[in-house]
Amino acid sequence: MGSPSRRPARPIRSGHYPAKELCSQCGLCDTHYVAQVKEACAFLNQQLTALEEQTHGRSREKDSVPLSRTVQSGSPTAAVSDTDYFGIYEEMFTARKRDPIQGAQWTGIVSSIGMKALTTGLVEGVVCVQADAQDRFKPQPILARSPEEVLAARVNKPTLSPNLSVLEQVEQSGLKRLLVIGVGCQIQALRAVEKRLGLEKLYVLGTPCVDNVSRAGLQKFLETTSRSPETVVHYEFMQDFRVHFKHEDGSVEKVPFFGLNTKQLKDVFAPSCLSCFDYVNALADLVVGYMGSPLGWQWLVVRNGRGRELLDLVWEELETQPVISKGSRQAAVQQGIQAYDQAMTLPMWLAQLMGAVIERFGPQGLEYARFSIDSHFTRNYLYVRRHYPEKLEKHVPPFAQRIVAQYQLPKS
Ligand code: FAD
Ligand code: SF4
């Protein structure tokens, strides 16, 4: 009680968000690092290639075929590599905890690594996100100094979270070894100011992230989609092409993607997320998600040696399998582009039927991850082209352009 780690992050300063409506509230501008915003903000200065080189010693662009030799709009033969999709990596696994953490989003691999990093002394503090005492979906970023505080941060707060607002606390605490848990836009800004933080060692444990929302947007999503919005404890867009809502009484409600009310939901997602091309958190040392693994399993992407150190902390607690890749995504992605653009919503019985068929015969494992990346990148490319045409060329990284170029997009 009363320790520096429990101090709430500074109140948000209004009017200091140069990315304006594209701001993802990553928290950087709630600190004095706002002075670096023009260079650091993921939405003002897309610099993934340079930051990949800084972080991993190599970038996707050096590992991939040059853009001019690959891009042919609508060409299914465009050369797109796994590095284009998943970023720089050394290894990938499918895994789950043998003894899952109750109340975690999946099996709690992220929380376990955070706790172990503190108890083994690998780091002295962990930046993570607890929930507001009154509202389970409202994020409260903290600098955790004990495993109990990390455990209390388990489960997603599926709203924009100002994680970097605790950077000034990190500085004031004088700690030298830090673990930051966060999503792509937070980590891009963090990497851009990393050298100014005075740390001896920074570890970054990332999660993939897509379609995040403001707190008001989340309310609209829950009210539009769930049968009982007020009892939802957590939800996830799953690999079986359904949204799974877990309710307070433990029941799980499943709504097929194809039955979502696209017309109402089009403006729910934050503009930052509709213009993001860092789904897989390319600048983290280790990424823990689910989308490249079969249902019930987590997906681990080790990007570098620091990521391997993090994974080693919990390796003995995990059941693991090699990653798999089955089926073909491209026809489903191409059909989805038109359907989303025309805001088509299917009757629920047909949506259920389509969900069941695609689950059985559709893409699985890494191919499901490619399906999800393709669907979001094509949608986001169209969003940027329509709303921020002057930003298009610089803001869409070359690997994302190669991915998008595999599909026929509407002309306007
Ligand atoms: P837990 O042990 O439950 O720990 C969860 C961690 O997430 C906590 O340490 C907490 O600090 C952190 N956290 C919670 N809310 C936020 C937030 N808003 N911003 C930053 N950090 C937060 N994986 C995919 O494969 N595909 C996706 O599309 C995808 N979308 C995601 C969207 C969001 C907003 C978030 C936060 C995560 C997303 N993930 C996605 C990751 C996935 O849902 C799980 O978080 C991940 O697999 C870890 O599960 P776990 O049980 O190990 O986590
Ligand atoms: Fe500042 Fe982060 Fe918003 Fe960019 S996204 S304007 S860095 S708070």
Side-chain angles (χ1 to χ4, degrees), residues 12-13 16-31 33-34 36-45 95-97 100-115 126-131 136-142 144 149-165 179-190 192-193 205-213 215 218 234-239 269-273 276 279-281 287-293 297-301 314 318 368-369 372-373 375-376:
I12 304 241
R13 298 173 191 147
H16 283 274
Y17 304 106
K20 299 192 176 114
E21 69 279 7
L22 284 181
C23 173
S24 69
Q25 297 292 328
C26 78
L28 190 83
C29 296
D30 306 323
T31 70
Y33 294 104
V34 65
Q36 273 72 50
V37 63
K38 282 203 178 123
E39 192 216 326
C41 176
F43 304 97
L44 296 175
N45 183 26
R96 63 185 176 199
K97 282 203 72 189
I101 294 184
Q102 290 306 313
Q105 184 73 12
W106 282 75
T107 68
I109 295 178
V110 167
S111 299
S112 302
I113 292 174
M115 290 191 285
V126 178
V127 175
C128 53
V129 189
Q130 294 184 351
R136 65 164 72 102
F137 292 133
K138 191 166 164 213
Q140 179 67 61
I142 61 151
E149 287 174 311
V150 175
L151 184 64
R154 67 192 180 282
V155 78
N156 292 358
K157 287 77 199 178
T159 46
L160 302 174
S161 174
N163 284 24
L164 301 187
S165 61
L179 169 65
V180 175
I181 299 172
V183 298
C185 54
Q186 300 158 358
I187 303 308
Q188 280 185 62
L190 175 74
V193 299
L205 173 49
T207 64
C209 180
V210 81
D211 292 348
N212 211 343
V213 286
R215 186 61 187 85
L218 175 67
H234 78 64
Y235 72 88
E236 195 85 82
F237 284 73
M238 290 287 203
Q239 303 100 315
F269 303 124
S272 52
C273 307
C276 170
Y279 193 169
V280 296
N281 212 326
V287 177
V288 180
Y290 62 90
M291 66 187 189
S293 291
W297 292 78
Q298 293 187 257
W299 177 51
L300 309 186
V301 184
V314 297
L318 303 180
Y368 175 87
S372 192
I373 292 169
S375 304
H376 287 93

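We use all heavy atoms of the structure for the numbers below, so side chains are in, but hydrogens, waters and symmetry mates are not. In listed order, ligands and their atoms are each counted from 1.
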Item to check | Side-chain donor-acceptor contact under 3.5 Å, Tyr279 with Asp211 | outcome: no
Checklist entry - Aromatic rings Tyr290 and Trp106: how do their planes relate, parallel, tilted or perpendicular, breaks at 30° and 60°? => result parallel
Next on the checklist: Within the 4.0 Å heavy-atom shell around Val37, which atoms of ligand 2 are there?
Outcome noted: 1 (Fe), 7 (S)
Item to check | Heavy-atom gap Gly114 to ligand 1 smaller than 4.0 Å | outcome: no
Checklist entry - Rounded to the nearest 0.5 Å, what separation is found between the CG atom of Leu160 and the SG atom of Cys209? => result 8.0 Å
Next on the checklist: Is Gln186 close enough to touch ligand 1? Criterion: a residue heavy atom under 4.0 Å from a ligand atom.
Outcome noted: yes
Checklist outcome for this item: Closest heavy-atom approach to atom 39 (N) of ligand 1 among Gly289, Pro208, Cys26 is made by Pro208
Next on the checklist: Looking at Lys97, I want to see if its NZ is surrounded by more than 12 non-hydrogen atoms of other residues, nucleotides or ligands under 6.0 Å.
Outcome noted: yes
Item to check | Any N or O of Gly182 closer than 3.5 Å to N or O of ligand 1 | outcome: no
Next on the checklist: Taking 4.0 angstrom as the limit and counting only heavy atoms of Ala19, give me the atoms of ligand 2 inside it, by number and element.
Outcome noted: 6 (S)
Item to check | For atom 7 (S) of ligand 2, closest protein heavy-atom neighbour | outcome: Cys41 CB, 3.6 Å
Checklist entry - Short question: side chain of Tyr368, backbone of Met238 - any donor-acceptor pair under 3.5 Å? => result yes
Checklist entry - Looking at CG of Asn156 and NE2 of His234, how far apart are the two atoms once the value is rounded to the nearest 0.5 Å? => result 8.0 Å
Checklist outcome for this item: When distances are taken from atom 2 (Fe) of ligand 2, the protein heavy atom at minimum range is Cys26 SG, 2.4 Å
Item to check | Rounded distance (nearest 0.5 Å) linking atom NZ of Lys38 with atom CG of Asn45 | outcome: 11.5 Å
Checklist entry - Heavy-atom contacts under 4.0 Å between Thr159 and ligand 1: side chain, backbone, both, or neither? => result backbone
Checklist entry - Should Ile142 and Cys128 be marked as a side chain to side chain contact (heavy atoms under 4.5 Å, CB included) after you check the CA-CA gap, both sets of side-chain angles, and the distance that decides it? => result CA-CA 6 Å; Ile142 61 151; Cys128 53; 4.0 Å; yes
Next on the checklist: Please confirm whether Ser24 approaches ligand 2 to less than 4.0 Å, judged on its heavy atoms.
Outcome noted: yes
Next on the checklist: Using a 3.5 Å cut-off on N or O atoms only, is Trp299 in polar contact with ligand 1?
Outcome noted: no
Checklist entry - How long is the gap from NZ on Lys157 to CD on Gln105, to the nearest 0.5 Å? => result 9.0 Å
Checklist entry - If you measure from each non-hydrogen atom of Val129 to ligand 1, which part falls under 4.0 Å: side chain, backbone, both or neither? => result both
Checklist entry - Which protein non-hydrogen atom lies closest to atom 26 (N) of ligand 1, naming both residue and atom, and how far is it? => result Tyr290 CE2, 3.4 Å
Checklist entry - Stepwise, does the side chain to side chain contact (heavy atoms under 4.5 Å, CB included) test hold for Met291 with Val280? => result CA-CA 10 Å; Met291 66 187 189; Val280 296; 3.8 Å; yes
Checklist outcome for this item: The reported gap from OG in Ser161 to CD in Gln130 (rounded to nearest 0.5 angstrom) is 11.0 Å
Item to check | Within-cut-off N or O pair, Met291 and ligand 1, under 3.5 Å | outcome: yes
Item to check | Contact check: Cys29 to atom 4 (Fe) of ligand 2, N/O/S below 2.8 Å | outcome: no
Checklist entry - Is the side chain of Ser372 donor-acceptor paired with the backbone N or O of Ala369 at a distance under 3.5 Å, no angle test? => result no
Checklist entry - Would Val213 and Phe137 count as a side chain to side chain contact (heavy atoms under 4.5 Å, CB included) if you check the C-alpha gap in whole Å, the side-chain angles of each, and the deciding distance to 0.1 Å? => result CA-CA 11 Å; Val213 286; Phe137 292 133; over 6 Å; no
Item to check | Closest protein heavy atom (residue, atom, distance) for atom 5 (C) of ligand 1 | outcome: Val155 N, 3.9 Å
Checklist entry - Tell me, which protein residue and heavy-atom name are nearest atom 8 (C) of ligand 1, and how many Å apart are they? => result Ala153 O, 3.2 Å
Next on the checklist: Counting non-hydrogen protein atoms only, what is the nearest one to atom 15 (N) of ligand 1? Give residue, atom name and distance.
Outcome noted: Lys157 N, 2.9 Å
Checklist outcome for this item: Of all protein heavy atoms, the one nearest atom 50 (P) of ligand 1 is Gln298 NE2, 3.5 Å
Item to check | Heteroatom proximity flag, Ile181 to ligand 1, N/O under 3.5 Å | outcome: no
Next on the checklist: Under 3.5 Å between any N/O of Tyr279 and any N/O of ligand 1: does that happen in this structure?
Outcome noted: yes
Next on the checklist: Using 0.5 Å steps for rounding, measure from the CD1 atom of Ile181 to the CD1 atom of Ile113.
Outcome noted: 8.5 Å
Checklist entry - Got an N/O contact under 3.5 Å between Asn156 and ligand 1? => result yes
Checklist entry - What's the shortest distance from atom 6 (C) of ligand 1 to any protein heavy atom, and which residue and atom give it? => result Val110 CG1, 3.7 Å
Checklist entry - What's the shortest distance from atom 4 (O) of ligand 1 to any protein heavy atom, and which residue and atom give it? => result Ser111 OG, 3.5 Å
Next on the checklist: Just checking: Cys23, one of its N/O/S atoms, less than 2.8 Å away from atom 3 (Fe) of ligand 2, yes or no?
Outcome noted: yes
Next on the checklist: Side chain, backbone, both or neither: which applies to Thr107 and ligand 1 if a contact is any heavy-atom pair less than 4.0 Å apart?
Outcome noted: backbone
Checklist entry - Of all the non-hydrogen atoms in the protein, which one sits nearest to atom 51 (O) of ligand 1, and at what distance? => result Trp106 N, 2.7 Å
